[in-house]
Number of protein chains: 2
Amino acid sequence: MSDTKPSAVPFQTIRRLPNYLRVLRKLSDDGVKTVSSDQIAAAHGQEAIQVRKDLSYTGVVGKPRVGYEIAPLIDAIAGFLGWDNTSKAFLVGVGHLGSALLGYKGFETHGLDIVAAFDSNPARVGLEIGGKVVLEMDHLTDLAGRMHVHLAIMTVPYEAAQEVADQLVLAGIQGIWNFSSAVLSVPPSVVVQNEDLSAGLAALSAKVAGVSKR
Amino acid sequence: MSDTKPSAVPFQTIRRLPNYLRVLRKLSDDGVKTVSSDQIAAAHGQEAIQVRKDLSYTGVVGKPRVGYEIAPLIDAIAGFLGWDNTSKAFLVGVGHLGSALLGYKGFETHGLDIVAAFDSNPARVGLEIGGKVVLEMDHLTDLAGRMHVHLAIMTVPYEAAQEVADQLVLAGIQGIWNFSSAVLSVPPSVVVQNEDLSAGLAALSAKVAGVSKR
DNA sequence: TAGATTGTTAATCGATTAACAATC
DNA sequence: TAGATTGTTAATCGATTAACAATC
């Protein structure tokens, strides 16, 4: 806490930053050099003031009448999210969803490199999916240590989730991206990001029914 | 009840309700009849007061010293989310993720029935995935009308997203569950639920880095 | 310069948590 | 009854939006 105090950034701001990054990269590819908060907002159906507020957390300052320089802004957001360095991750559970994520190319530009996949089903071990060979669960702990992997993507069934989580914790994993619908119980030092489809479906249902607050 | 004003329910409450539902169904299967807010909370690493507040929106009342009756509570939450009736949905884009969702069995208990899948790639048309045959995009509008389908799951690449969304709107789709990273532009009458993986990854990155607010 | 656009400070809004009376 | 647990009302907290001075 002494040197860099990690100034608290709103959770929602962090979730919006990747969207800005995508728009900025597109503009950059098109040869555009500067952009105003109003232009970024228009691309999202958002308000300019929110964009300015969000961007302020990255430390980048814009110029009145000009806007923001795109190149430094891209670097700042990518750096802020830690996406300028690649983090290694394991993927556990090579079912439909796990296979889909293994085949997804977009993670490379998001600082995530899935270095190995695991599955408890012997029939899946040895398969090559998305260019990665599926390994036995037994090797997980050993490999995590030797390869210095601290992140894991969990795409296992509800019933297996807690058991797998326990194994990941023992292997020294510090962050779990949880695609199962189970609520995981882990030590405080391990962070979990839940990606719960049923929550998203509930939100859609409520929006269609017009029952939600916004 | 027909013109009851749809009392505004917090967005976050709606996202938590499916979790309660899962726990309650499990307890019900185990033969348990009543449950306290404290017990539900314990299963989520949450606070009891939040559970009580959330449940209050369903209209179900508990009994002091006893808790809530599980059976009526399940019915109330499922009804509240509209998951007691099945809604038909189309799925557009049968890539890795689309195939994964087509194969997912859990939607049946969530009031969602994927009745048809579409893809613009001729090589995929005619394939059977998850028990559904992949159809040509040309048939979408006609079928939506004839089958009375009002929901669509979009699992198409970023570049194709807006074009597909336009087509869905023309077909009379009223709710889009958007798994592409594109921000869609649709008429106000059409609701969009974005399921953006990069937002989730950003949240995980920030949590691991310890930079977020909570 | 004049005016567009930023960044800061204050006000509003929504969600969570705390306090506590009601009651089975 | 006594005490556990609910539901309501108030306080706190965080995020968004508004107002506006600074400035290029």
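Quick note on labels: first sequence line is chain A, next is B, and so on, each numbered from 1. What you see is a predicted model, and the numbers here were worked out from it, not measured in a lab.
Here C:dT16 presents its P atom at 12 Å from CD1 of B:Ile14, a figure rounded to the nearest Å. Rounded to an integer number of Å, the gap from A:Lys53 NZ to C:dT12 C1' is 13 Å. Summarising the geometry, the separation between NZ on B:Lys63 and C1' on C:dC24 is reported as 8 Å, rounded to the nearest angstrom. Look at CD on B:Gln46: it is 13 Å from C1' on C:dT17, rounded to the nearest Å. As rounded to whole Å, 13 Å separates atom C1' of D:dT6 from atom CG of B:Leu73. In this entry the distance linking CG of A:Asp54 with P of C:dT8 reads 14 Å, nearest Å. Rounded to a whole Å, the OH atom of A:Tyr57 is 11 Å from the P atom of C:dT8. For the pair A:Phe11 CZ and C:dT16 P, the computed distance is 13 Å after rounding to whole Å.
A residue-by-residue look at A:Glu47 and A:Val66 shows that A:Glu47 has its nearest nucleotide of DNA chain D further toward the 5' end. Toward the 5' end of DNA chain C, the nearer of the two residues B:Arg52 and A:Tyr68, judged by each one's closest nucleotide, is A:Tyr68.
For the OP1/OP2 pair of C:dT6 and a distance below 4.0 Å, the side-chain nitrogens and oxygens of A:Ser37 include at least one atom meeting the criterion. Proximity of A:Gln12 to the phosphate of D:dA15: no side-chain N or O atom is located under 4.0 Å from OP1 or OP2.
Pairing for C:dG14 is with D:dC13, a Watson-Crick or G-U wobble pair whose two hydrogen-bonding atom distances lie under 3.5 Å. Applying the Watson-Crick and G-U wobble criteria (two distances, each under 3.5 Å), C:dT23 pairs with D:dA4.
The distance between the ring centers of A:Phe80 and A:Tyr57 does not fall below 6.0 angstrom.
The side chain of B:Ile49 lies closest to D:dT8, out of D:dT17, D:dT8, D:dC24. Candidate nucleotides D:dT23, C:dC24, C:dA10 were compared by shortest atom distance to the side chain of B:Pro64, and C:dC24 ranks first.
Across all strands, A:Ser36 comes closer than 4.0 Å only to sugar-phosphate atoms, never to a base (heavy-atom distances). Across all strands shown, A:Arg16 has heavy atoms under 4.0 Å from sugar-phosphate atoms exclusively, and none from any base.
For the residue pair B:Trp83 / A:Ser205, a side-chain donor-acceptor distance below 3.5 Å is found, with atom types taken as modelled. B:Tyr68 and B:Gln39 share no donor-acceptor pair across their side chains, judged by distance under 3.5 Å alone.
Comment: B:Asp54 does not engage B:Arg15 in a salt bridge, judged by the lack of any side-chain N to carboxylate O separation of less than 4.0 angstrom. Between A:Asp196 and B:Arg22, at least one side-chain N (NZ, or NE/NH1/NH2) sits under 4.0 Å from a carboxylate O, which counts as a salt bridge.
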